[in-house]
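In what follows, a structure is listed as structure tokens, so that the remarks can point back to it.
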Amino acid sequence: MEKRNNFGSKLGIILAAAGSAVGLGNVWRFPTETGSHGGAAFILIYVVCVIVLGIPVMLSEFVIGRSTHANTIDAYRRLAPRSGWIVQGYLGVFAAFIILSYYSVVAGWTMKYLTTAVVGGVSRISDPASYYTAFTSNAWWPIIFTALVLLITHIIVVRGVQNGIERFSKLLMPLLFIIITVLVVCSMMMPGAKEGLRFLLHPDFSKITADTLLSALGQAFFSLSLAMGCLCTYASYFRDDANLTRTAVSVVSIDTLVAIMCGFIIFPAVFSVQEITPDAGPGLVFITLPSVFQMAFDGAPILGYIFALLFYLLLIVAAITSTISLHETITAFLHERGLSRRAAAWIVTSSCLVLGIFCSLSFGPMKDFRPFFGLGFFDAFDFLSAKIIMPIGGIIISLFAGWRLDKKLVRDQVTNGGKLRAPLFGLYRFIIRWVAPTLITLVLLNELGVFSHK
Ligand code: PFF
């Protein structure tokens, strides 16, 4: 087998992993969740979740990946030969496969909105809700855009770890930060900025319920790309001198900062348009924002044009850096099973496209075909991956790193064989052994409706 490629630099490592984490989950899902769970109180709990659970679970994935330098399935096989733990490797690859299929569909919608924004069309959409429904339920166009997203992802992945993933992350992530900063500044100058800021900064603790906590935890896992094999795969390309703790802290900080900044882009804008409320749900960025662009910039259409263009560019850049990591997780596995990288990547791209077609059609011609307990393809894939496999994976990873892995191996990885200090190692062990499995089990039970009294 040819020599395994690694990331070339520490910055490349951080930007690639942050690229996986920062995605539609930050720009689209986080503001939606924040909007429907009362704003500041949700953000506060979210931040606690990412610090207490996000960092330790991410660190554990890094340990598993870097100590084996193998794809996620072989990583478990090597660390725990002839045991059931390998299930987590298979779960990760399977989950990456179905997430990539439905995530590319939403990324495809973004691509369509971007092309509309380029020609100045977003501010001319007279009825954004009908426009959204008409586009997403169309049999052909969303599929063509989904294919385009998968193709771009494919081209980057085929180029390899250093020339493809690392190089593009180094290009796209700074672009993303620049766009976000410009948009935050624009948004702060809008008439509703004050009210938007109040919504984001003044916690109303009466809004906190068990559901807020569990939703925040679920969102944290999705946003940080945890438990899906992606970070474990990326860590397998980390060099032996990479500081795993510092990388995990950096990635979590970047991801959280981006999510909160996206809140600062969206809510001041949303509050600038009186008749729109912040709890608009998943339609927020595709239905609500086009109305906002039109109404808020009524007197200055050029600003509306620039804002819309930059916003959808931000969304697509964020989405592509995440689809790359999902694609790589599966491609790396197939490649290390003996296929050429190109052949492996083609298998992933084409099979995800086939599933993506079913996901896309479930908004249109196949709307009434709901074979999965009453859910169509898109909703079923989303539910299965984000609500079931992700928490199960989180529990397995915590138990594996906390109870099965040799403590010395973990310490060696965290300290790079004693070269780095790890003053909080005891705390990490406590969280990963006890706190993480317990809390994530609660999330899973909540997702399954065990606590629901509706
Ligand atoms: N973290 C990505 C986002 O926030 O959009 C989504 C994601 C990517 C989830 C990769 C899971 C994953 F393995």
Side-chain angles (χ1 to χ4, degrees), residues 15-34 46 49-50 54 57-58 61-62 64-65 71-72 88-110 149-150 153 157 165 169 172-173 176 180 215-236 248 251-263 282 285 314-333 348 352 381-394 397:
L15 291 182
S20 169
V22 172
L24 297 171
N26 303 61
V27 195
W28 178 50
R29 209 163 176 264
F30 181 79
T32 307
E33 292 278 312
T34 305
Y46 179 81
C49 287
V50 295
V57 175
M58 190 178 286
E61 285 208 52
F62 284 173
I64 294 166
N71 66 78
T72 182
Q88 174 54 24
Y90 283 107
L91 264 186
V93 171
F94 175 68
F97 187 56
I98 60 175
I99 295 184
L100 183 56
S101 305
Y102 79 82
Y103 197 89
S104 304
V105 173
V106 183
W109 300 347
T110 309
V149 168
L150 282 169
T153 309
V157 169
I165 301 175
S169 304
L172 295 178
M173 292 309 282
L176 186 124
I180 292 187
S215 303
L217 205 51
Q219 168 64 17
F221 263 63
F222 185 83
S223 186
L224 296 173
S225 306
L226 293 178
M228 294 297 178
C230 287
L231 295 179
C232 179
T233 304
Y234 271 13
S236 72
V251 173
V252 168
S253 312
I254 293 174
D255 187 70
T256 308
L257 191 73
V258 169
I260 294 177
M261 283 174 89
C262 288
V285 299
L314 163 71
L315 205 54
I316 196 68
V317 167
I320 298 265
T321 50
S322 298
T323 53
I324 294 172
S325 70
L326 291 160
H327 199 298
E328 174 63 25
T329 301
I330 321 164
T331 301
F333 166 65
V348 178
C352 283
F381 282 15
D382 180 29
F383 183 79
L384 181 64
S385 56
K387 310 257 157 134
I388 306 291
I389 300 183
M390 208 169 260
I392 290 181
I397 288 172

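Indexing begins at 1, ligand by ligand and atom by atom, following the structure's order.
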Which word best sums up how the rings of F222 and Y103 line up, parallel for under 30°, tilted for 30 to 60°, or perpendicular for over 60°? tilted

Distance to 0.1 Å, residue and atom name: give those for the protein heavy atom nearest to atom 5 (O) of ligand 1. Y103 OH, 2.5 Å

Looking only at protein heavy atoms, which one is nearest to atom 9 (C) of ligand 1, and what is the separation? F222 O, 3.5 Å

Check each atom of ligand 1 against the heavy atoms of L326 and keep those under 4.0 Å away; list them by number with element. 10 (C), 12 (C), 13 (F)

Quick check: closest heavy atoms across E328 and V157, and the distance to 0.1 Å? OE1-CG1, 3.5 Å

Check L150 against C352 and note the closest heavy-atom contact, atom names and distance. CD1-C, 4.0 Å

What atoms of ligand 1 come within less than 4.0 Å of a heavy atom belonging to S20? 1 (N), 2 (C), 8 (C)

Between T321 (side chain) and G19 (backbone), is there a donor-acceptor pair under 3.5 Å? yes

With respect to L24, determine whether any N or O atom, backbone or side chain, lies less than 3.5 Å from an N or O atom of ligand 1. yes

Check each heavy atom of L226 against ligand 1 and say whether those closer than 4.0 Å belong to the side chain, the backbone, both or neither. neither

of all protein heavy atoms, closest to atom 7 (C) of ligand 1 is S225 OG, 3.7 Å

Tell me if a side-chain donor or acceptor on Q219 pairs with a main-chain N or O of G25 at a distance below 3.5 Å. yes

Smallest heavy-atom separation, V22 atom then D255 atom, equals N-OD1, 3.3 Å

Counting both backbone and side chain atoms, is some N or O of G25 under 3.5 Å from an N or O of ligand 1? yes

Option of least heavy-atom distance to atom 3 (C) of ligand 1 (set: A21, C230, C232): A21

Close N or O approach (S223, ligand 1; < 3.5 Å): yes

Looking at every non-hydrogen atom in both residues, tell me the closest pair between S20 and S322 and how far apart they are. O-OG, 2.9 Å

